[in-house]
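What follows is a single structure, written as C-alpha cells, with notes after it.
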Amino acid sequence: MLSPFKQKLIEDLIATSSKEELIWINGYLAGLISSGVLAEEGKPSAVPNPKVGKITIAYGSETGNSKKLATDFGSKAKKNGINVKVVSLEQYRLTDLPKEEYFFTVISTQGEGEPPAGAKKFYDHIHQNGFQLSKLKYGVLALGDTSYPLFCKAGEDVDAQLQRLGGERIVSLMKCDTDYEEEADSWFSTLMDKLHDNETSVSTPKAPAAKKSSGKKIHSGTVLTNINLNDHGSAKQTNHIEIEAADVEYLPGDSIGIVPHNPIAIVEAIIATAGENADKMFSFRNEQYNLFDLLRNKINIVCLPDRLVDAYSGVVKQQIPQTKIGLLDLLKIYPVKDAEQFEEVIALMEPITPRLYSIASSPEAHPGEVHLTVARDNFIVNEELKYGLCSDLLCLLEEQSEVKFYIHHNSSFRLPDAGKDLIMIGPGTGIAPFRSFLAERDATGAEGRNWLFFGDQHFETDFLYQTEIQNWLETGVLTSVNVAFSRDQQEKVYVQHKMQKHGVELFDWIEGGGYVYLCGAREPMSVDVENTLLKIIEEHAPNGTNAEEYLNQLKEEGRYQKDVY
Ligand SMILES: Cc1cc2nc3c(=O)[nH]c(=O)nc-3n(C[C@H](O)[C@H](O)[C@H](O)COP(=O)(O)O)c2cc1C
C-alpha cells in the first residue's frame with residue numbers, strides 16, 4: 001500500500017499526463033522491475049554493499065557474447081551498490097590475481113575446446129600451478145555450444161583449476177548453450193544473492209553442480225531459393241540461399257549454425273566395407289545408436305583430422321602418411337582386422353561439428369526469412385575433386401526442402417546507431433553480413449553513410465549481388481563502392497589496394513566517428529587489410545600518433561569489428 005502522500009503524488013501525475021505519457025510510465029516501471037536493478041526494498045540501490053569489497057568480472061570472448069554478458073552484469077552489480085571492475089582476460093593483469101577477493105569469469109570455448117585467443121594467456125597462467133589463491137572467492141559462467149564435442153571445456157577447466165589453486169567457489173559453474181540468456185541471468189542472480197548474503201553462505205563452499213543446459217533452439221526452415229551467384233566460366237560457385245522460417249529472431253551480424261549429416265552413399269559404403277550390419281547397436285559417448293544413424297548423423301567421417309588418422313593407424317598397426325582422408329578410404333586402404341577393431345575405431349571418432357554461416361538477410365527487410373551466401377568448398381584429394389561436407393549439402397538443397405539450424409549470436413559484430421558512418425570491407429563471401437547491414441539500413445532509413453569494399457576474382461563472373469549493390473548506390477543507401485577484381489589484369493588487385501588508394505577519405509570517415517567492419521577469410525585477407533588500415537592511420541593521422549594504439553582504441557570503442565574465418 002502507498003502512503004497518502006505517495007498516493008496523492010501518483011494521482012497528480014496521472015491527472016496531468018496524456019495517454020501516451022501514461023503508457024510510457026507503465027512501460028518504464030515494468031522495465032525497471034524486470035531488469036532486476038531494484039534492490040530488495042524496491043529502491044534503485046546506490047549504497048555500496050559494505051559486506052563485499054570490490055569484485056572483478058573478467059571475460060574471455062571471441063564473438064562478443066561473454067563480453068556483453070560481463071558488461072551487463074557489471075552495470076547491474078553497480079546498480080546493486082557493488083563496486084565492480086569489468087575487464088577482458090586479455091587485458092587482465094595476471095599479477096593482480098593473488099590479490100583478488102571476489103573474481104568472476106565469463107568465458108566461452110573456441111576452436112576444439114580451447115579458450116578464446118584473448119584469454120589464452122590467463123588460461124595458461126593459471127594452469128602453470130605453482131601459486132596459491134587462498135583469498136579468492138570465485139565463480140565461472142561458461143558459454144559454449146552443445147553441438148561441439150568439448151562443450152564448455154574452457155569454462156570447466158578454469159572453474160576446476162581455480163579451485164585447485166585454493167580458490168573458494170561461491171557460485172556453481174553454469175554451462176550455457178547458444179541460447180544462454182536465461183541461464184546466464186539466473187547464474188548472475190545467484191551470485192548477487194551470495195554477495196548480499198555473504199556473512200552466512202559465502203564462507204560455505206558449495207560443491208559444483210554443473211546445471212544441465214536447457215539446449216538450444218533448433219529452427220526448421222524451408223528453402224525458397226537456391227541460386228549460384230557466379231556466372232558461367234567462374235572458377236567458383238557461391239550460392240545465395242533463401243530460407244523461410246517463421247519466429248526466427250536474429251540481428252544483422254548474427255550467423256546460423258548447421259550440423260550437417262553425412263552422405264548416404266558414404267555411410268552405406270562404410271557399412272559394407274567393414275562387413276557390418278546397419279542395425280547393429282554401437283555405444284558412442286555414452287549413448288546407444290544403430291550403426292546407420294551413428295554414421296549418418298553423429299560422427300565426422302568425411303575429412304578426419306591428423307590426430308584421428310594417427311589414432312586409426314595405432315589401431316590397425318599400419319603406417320599412414322599424413323593426408324586429407326575420410327573413414328571410408330581408411331577402411332579401404334588400411335582395413336580393420338575384425339569387428340572388434342572396427343568398434344575400437346568407432347569409439348575414437350569425434351562428433352560432427354556445426355558450421356557457421358553469416359546471415360545475409362535483414363530482419364527488417366526480409367521478415368520471416370534467413371538468407372545465406374555459401375561458397376561451395378572444393379579441393380582435390382588423390383587427383384579426385386571433393387567438396388566440403390556442409391557447403392556441398394547447402395548448395396545442392398532443392399527448393400521446398402527442409403533445413404535445420406540454430407542462431408549463433410555475434411554480439412561483437414553489430415550495427416551502430418543509425419546516424420553513424422560505416423566502412424564495410426567484405427571480399428568474397430565476406431559480403432554476406434554487409435548485405436544484411438545495407439538491407440537493414442535501407443529498410444529503416446538510417447541516415448549514416450555507407451561505404452563498401454568488395455573484391456573477388458573477375459568482374460564478369462564473380463561480382464556477387466552486383467544488381468543489389470548498384471541499386472543501393474543509385475538510391476543513395478551506399479555512398480561509395482570500391483571493387484577489386486584480382487584476376488582481371490596482370491597485377492593482382494585486392495580490396496586493401498583500393499583502401500590504400502582512398503586512404504585520405506577513409507581516414508577522414510574514421511576520424512569523423514565512422515565504424516570499420518571486416519568480414520571474410522582470416523588469412524591472408526584479414527591480415528593484409530588490417531596492415532593496410534595501420535598504414536593508412538600512420539600516413540594520415542597527426543604526427544606522433546601510434547597506429548596500433550589508434551586501432552586498439554577503435555576496437556575498444558567498438559568502431560573496428562571483425563568476423564573472420
Ligand atoms: C570456431 C568455433 C569453435 C567453437 N568451439 C566450441 C567448442 O569446442 N566447445 C563449445 O562448447 N563451444 C564452442 N563454440 C561455441 C562458442 O563457445 C559459443 O558460440 C559462445 O556463445 C561464444 O561466446 P563468445 O562470443 O563470448 O566467444 C565454438 C564457436 C566457434 C565459432
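Remember, it's 1-based here, ligands and their atoms both numbered in the order they're listed.
For atom 19 (O) of ligand 1, the nearest non-hydrogen atom of the protein is His408 CE1, 2.9 Å. Distance from atom 18 (C) of ligand 1 to its nearest protein heavy atom, with residue and atom name: Gly144 O, 3.8 Å. For atom 30 (C) of ligand 1, the closest non-hydrogen atom on the protein side is Gln110 OE1, 3.4 Å. The nearest heavy-atom contact from the protein to atom 15 (C) of ligand 1 is Asp145 CB, 3.5 Å. Protein heavy atom nearest atom 5 (N) of ligand 1, with residue, atom name and distance: Gly111 O, 3.0 Å.
Side-chain contact check for Tyr465 and Thr373: at least one donor-acceptor pair (N or O, by modelled atom type) lies under 3.5 Å. Side-chain N/O atoms of Gln553 and Glu549 include no donor and acceptor closer than 3.5 Å. Checking Lys67 against Ser411 by side-chain atom types alone, no donor-acceptor pair falls below 3.5 Å. Between the side chains of Thr146 and Asp177, at least one donor-acceptor pair of N or O atoms lies under 3.5 Å. Counted by atom type alone, Gln161 and Tyr123 present zero donor-acceptor pairs between their side chains at under 3.5 Å.
A distance-only check finds a donor-acceptor pair linking the side chain of Asn262 to the backbone of Ile299 [under 3.5 Å].
At under 3.5 Å, not a single nitrogen or oxygen of Thr178, backbone or side chain, sits near a nitrogen or oxygen of ligand 1. Taking any N or O of Lys67, backbone or side chain, none lies under 3.5 Å from an N or O belonging to ligand 1. Here's the thing with Gly60: none of its N/O atoms is less than 3.5 angstrom from an N/O atom of ligand 1. The shortest N or O to N or O distance between Thr63 and ligand 1 is below 3.5 Å. Residue contacts with ligand 1: Glu112 is placed with no nitrogen or oxygen under 3.5 Å of a nitrogen or oxygen of the ligand (distance criterion only).
Residue-ligand proximity, Glu62 to ligand 1, at heavy-atom distances under 4.0 Å covers atoms 24 (P), 26 (O), 27 (O). Close approach of ligand 1 to Phe151 (heavy-atom distance below 4.0 Å) involves ligand atoms 11 (O). Taking a cut-off of under 4.0 Å to the non-hydrogen atoms of Ser66, the atoms of ligand 1 that pass are 24 (P), 26 (O). Near Ser61, meaning under 4.0 Å from one of its heavy atoms, ligand 1 places the atoms 24 (P), 25 (O), 26 (O), 27 (O). For ligand 1 and Gly113, the ligand atoms under 4.0 Å from any heavy atom of the residue are 8 (O).
Here atom 14 (N) of ligand 1 lies nearest to Thr109 when heavy atoms of Thr109, Asp563, Leu150 are compared. Considering Ile107, Asn65, Asp179 only, the shortest heavy-atom separation from atom 21 (O) of ligand 1 involves Asn65. The nearest non-hydrogen atom to atom 11 (O) of ligand 1, considering only Cys152, Ser108, Ala142, comes from Cys152.
For Tyr59 and Phe73, the gap between ring centers reaches or exceeds 6.0 Å. Aromatic ring centroids of Phe413 and Phe437 lie under 6.0 Å apart.
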Check step by step if side-chain hydrogen bond (donor to acceptor under 3.5 Å, both in side chains) holds for His409 and Tyr180.
CA-CA 10 Å; His409 303 288; Tyr180 50 78; 5.8 Å; no
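Considering all non-hydrogen atoms of both residues, Leu348 and Ala311 come closest at CD1-CB, 3.9 Å.
Contacts of Leu356 with ligand 1, taken as heavy-atom pairs under 4.0 Å, involve the side chain alone. With a heavy-atom cut-off of 4.0 Å, Tyr148 touches ligand 1 through its side chain alone. Residue contacts with ligand 1 for Lys153 are absent, since no atom lies close enough (heavy atoms, distance under 4.0 Å).
Sorted by first and then second residue, the pairs that involve residues 297-306 and meet side chain to side chain donor-acceptor pair (under 3.5 Å), not counting sequence neighbours, are Asp293-Asn297.
Both the sub-6.0 Å distance and the 45° axial angle are satisfied by Lys216 relative to the ring of Tyr406. Judged by the 6.0 Å distance and 45° axis criteria, Lys137 is positioned over the aromatic ring of Tyr102.
Under a 4.0 Å heavy-atom criterion, Pro116 is not in contact with ligand 1.
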